[in-house]
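Here the structure is laid out as structure tokens; the discussion comes afterwards.
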Amino acid sequence: MTRPLVFATRNRGKLVELRQLLPDVDVVDLDEAALRIGHPIAEVIEDATTFVGNASKKAREVSRA
């Protein structure tokens, strides 16, 4: 069984694009990941001063979930 690649987003448009870019990868968003693990994943507050800071924060918090 392969592990999914979780993208820390709930944006359906982004998910569609990512699945088109990675057709051979099990790409899931936060809602699908939450269903698979059996509990909700909290929304990450993007309060860093940069895009990279927010992306890093989301990656850390979602990977902990």
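In what follows, every heavy atom counts, from backbone to side chain, and hydrogens, waters and symmetry copies are set aside.
L5 and L15 fall within the same hydrophobic cluster, where Ile, Leu, Val, Met, Phe, Trp and Tyr residues are linked whenever their side-chain heavy atoms come under 4.5 Å apart, directly or through other members. Linking Ile, Leu, Val, Met, Phe, Trp and Tyr residues whenever their side-chain heavy atoms come within less than 4.5 Å places I37 and V28 in a single cluster. V6 and L35 are members of different hydrophobic clusters when ILVMFWY side chains are connected at heavy-atom separations under 4.5 Å.
Minimum heavy-atom separation, V27 to L18: CG1-CB, 4.1 Å. Between N54 and A48, the shortest heavy-atom distance links the atoms OD1-N, 2.9 Å. The two residues I41 and L30 come nearest to each other via the heavy atoms CD1-O, 3.8 Å.
Interatomic distance, D31 CG to R36 CZ, rounded to the nearest 0.5 Å: 12.5 Å. To the nearest 0.5 Å, atom CG of residue D26 and atom CZ of residue R19 are 8.0 Å apart. Taking CD1 of I45 as the start and CD of E61 as the end, the distance is 8.0 Å to the nearest 0.5 Å.
The side chain to side chain contact (heavy atoms under 4.5 Å, CB included) search around K14 returns T9, N11, not counting sequence neighbours.
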E46 and K57: CA distance, side-chain angles, deciding distance, salt bridge (charged side-chain N to carboxylate O under 4.0 Å, His left out) verdict: CA-CA 8 Å; E46 297 184 48; K57 182 178 179 183; over 6 Å; no

Candidate pair R12 and D29, rule side-chain contact (heavy atoms from CB on, under 4.5 Å), full reasoning: CA-CA 8 Å; R12 292 290 172 196; D29 65 359; 2.9 Å; yes

